[in-house]
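Take a look at the structure below.
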Amino acid sequence: MARWLKRGETADVKAQSDRKVRDIVEAALLDIEQRGDTAIRDMSIKFDGWDREDYRLSQSEIDMAVESLSPQERKDIEFAQTQVRNFAQIQRGSMLDVEVETMPGVVLGHRHVPINAAGCYVPGGKYPLLASAHMSVITAKVAGVQRVVTCAPPFQGKPARAIVAAQAMAGADAIYALGGIQAIGAMAIGTESIDPVDILVGPGNAFVAEAKRQLFGRVGIDLFAGPTETLIIADEIGCDPEMAATDILGQVEHGPDSPGVLLTNSEKFALATIAEIERLLQILPTADYARKAWEAFGEVIVADDYAEMVSIADDIASEHVQVMTADPDFFLNNMTNYGALFLGARTNVSFGDKVIGTNHTLPTKKAARYTGGLWVGKFLKTCTYQRVLTDEASTLVGEYCSRLCALEGFAGHGEQANIRVRRFGGRNVPYAGQAEPSELTRA
Ligand SMILES: NC(=O)c1ccc[n+]([C@@H]2O[C@H](COP(=O)([O-])OP(=O)(O)OC[C@H]3O[C@@H](n4cnc5c(N)ncnc54)[C@H](O)[C@@H]3O)[C@@H](O)[C@H]2O)c1
Ligand SMILES: [Zn+2]
């Protein structure tokens, strides 16, 4: 039986803070609905101390941001964007349109049709997370989205130059310096200055994730991608306590609400990792967020064996799962609930976050039970179509359809089938369930 050497905050405390965020978001979205740009501006001033006449960046502001990059910064961003684009293109290539004759004369197909307009949120409250620009904007463009609007909050009082450069280099069609609920609300609801989009994507803090959740239905959303979570599955063979501690702290630095969990089969390893976390918290420059997150949400679990580790990990359904054990493939082959897996000690979440090419926008709060992360497929609608090529096929399907409609009491549907049985099969079928063929049927 697994033992918890350290537990995170209870469900009660989490639910309370969820409720608070939900109420703030609900009121804010209503305000945007009613007052449009004026509400956006008021909220931007209130939450970010950020006031502008027009929050859309001009071409010269965008050019300045790109030109401000040093040659090395530019190459590094280009390298990351190339990896993300490349993998997105490979994934797009794996999605085939189909068209098949399922019965003689019956042709069914589907096409992956790009969504017309996407709103890509790039978080930037605590850190200017330029990587999110590659993840959302490039992936949308690879999918074939025509209009890609992107928003990021100001950072230290002005648009973050690296985010703006990354948004532009990724191919954004319009860039707004707006953060939080006001950005999400503006893109989804539309205002005098922003045309509404069809889908919202990208990660963000609790307010951003909740705003997307509330707007779902009115627009599409990629997934629930809130505050970062990380789960380190480790044993004494696969890594060492310093590495496990480094990988937990590397992600809990995202913010004070980011859970970091160690799941191991060795108590000795667990205790050594806890000690390493304490040691590293003394020297990590971002320890302020990291310590709060570790104290409130950090967990350390000692399980008996790999099978129990898989079952606990599936229950946690963490956004990121690093597996640094003697046999990482055991977890790849057996785990079902995770946003993304990082197998072996040679990779880690930071590679995925910044550069390696897989998407970093991933499900949180157990959304990994029902979805993977953002990918090119989220910008595509898989839409079906059909044709019936012969009179025989139309008649055959029509007769089945007619009887099935009668079972449901759907006379109008039944008649859609019947008229085809008459026209294409030359049969004298009575009108809509009447016993005798009527003159109305013109068969
Ligand atoms: N799930 C994922 O895939 C993933 C990936 C990367 C980052 N993240 C998460 O993204 C988040 C980024 O958060 P962030 O805060 O740095 O930036 P952010 O851009 O998500 O949020 C900043 C905005 O939040 C709004 N805000 C802040 N406090 C508010 C309040 N009290 N009421 C209303 N609005 C408020 C402000 O308008 C501000 O512009 C982190 O939690 C990080 O873990 C998640
Ligand atoms: Zn991260």
Side-chain angles (χ1 to χ4, degrees), residues 17 20-29 31-32 40-50 55 120-136 150-157 159-160 163 176-186 201-212 221-230 247-260 286 289-290 292-293 297 318-320 322 338-340 342 348-356 358-368 371-375 378:
S17 78
K20 242 172 57 192
V21 171
R22 195 182 60 203
D23 293 347
I24 291 169
V25 169
E26 203 170 278
L29 292 179
D31 193 22
I32 295 170
I40 301 291
R41 189 168 176 185
D42 286 353
M43 288 168 63
S44 183
I45 294 169
K46 179 175 170 192
F47 296 128
D48 291 329
W50 174 234
Y55 287 94
C120 300
Y121 188 75
V122 177
K126 302 184 196 72
Y127 308 88
L129 233 173
L130 64 120
S132 292
H134 330 322
M135 305 298 169
S136 302
T150 176
C151 283
F155 185 68
Q156 296 171 345
I163 291 186
Y176 290 82
L178 272 175
I181 312 165
Q182 57 275 23
I184 296 295
V201 304
N205 64 15
F207 298 99
V208 168
E210 173 61 14
K212 282 169 63 187
I221 66 169
D222 51 353
L223 56 133
F224 191 87
T228 297
E229 308 163 352
T230 203
D247 288 343
I248 287 177
L249 292 181
Q251 295 306 311
V252 301
E253 79 169 357
H254 267 285
D257 46 4
S258 272
T286 51
Y289 290 138
K292 282 196 190 109
F297 299 103
S318 182
E319 178 196 4
H320 301 111
Q322 271 186 244
Y338 53 87
F342 302 79
N348 66 89
V349 174
S350 189
F351 285 7
D353 271 359
K354 310 298 173 201
V355 66
I356 212 163
T358 52
N359 208 292
H360 83 190
T361 301
L362 297 164
T364 60
K365 294 223 164 171
K366 291 186 189 274
T371 184
L374 180 56
W375 73 297
K378 294 268 185 192

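In each ligand, atom 1 is the first atom listed, and ligand 1 is the first ligand listed. Computation of the quantities below employed the complete heavy-atom set of this structure, encompassing side-chain atoms and omitting hydrogens, waters and symmetry-equivalent molecules.
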Inset, instruction - Report the C-alpha separation of Val122 and Ser136 in whole Å, then their side-chain angles, then the decisive distance to 0.1 Å, and conclude whether the side chain to side chain contact (heavy atoms under 4.5 Å, CB included) test is met. - result: CA-CA 8 Å; Val122 177; Ser136 302; 5.7 Å; no
Inset, instruction - Please determine, by modelled atom types, if Thr230 and Gln251 share a side-chain donor-acceptor pair under 3.5 angstrom. - result: no
Legend entry - Residue shell around ligand 1, heavy atom under 4.0 angstrom: Phe47, Asp48, Tyr121, Pro123, Gly124, Gly125, Lys126, Leu129, Pro153, Gly179, Gly180, Ile181, Gln182, Pro203, Gly204, Asn205, Phe207, Val208, Ala225, Gly226, Pro227, Thr228, His254, Ser258, Glu319, His360, Thr361, Leu362, Thr364
Which atom pair, heavy atoms only, marks the closest approach of [X] to [Y]?
| X | Y | value |
| --- | --- | --- |
| Ala183 | Tyr121 | CB-CE1, 3.8 Å |
| Ala368 | Gly339 | CB-N, 3.8 Å |
| Leu178 | Cys151 | O-CB, 3.5 Å |

Legend entry - Main-chain N/O of Gln322 paired with Tyr338 side-chain donor or acceptor, under 3.5 Å: no
Legend entry - Interatomic distance, Thr228 atom OG1 to Leu129 atom CG [nearest 0.5 angstrom]: 7.5 Å
Inset, instruction - For side chain to side chain contact (heavy atoms under 4.5 Å, CB included), just list the numbers for Phe342 and Asp247, CA-CA rounded to whole Å, side-chain angles, deciding distance to a tenth of an Å, and then say yes or no. - result: CA-CA 11 Å; Phe342 302 79; Asp247 288 343; over 6 Å; no
Legend entry - Every N, O or S from the protein that is nearer than 2.8 Å to the Zn ion (ligand 2): Gln251 OE1, His254 NE2, Asp353 OD2
Inset, instruction - Kindly determine whether Asp222 and Lys212 satisfy side chain to side chain contact (heavy atoms under 4.5 Å, CB included), including the steps that lead there. - result: CA-CA 9 Å; Asp222 51 353; Lys212 282 169 63 187; 2.6 Å; yes
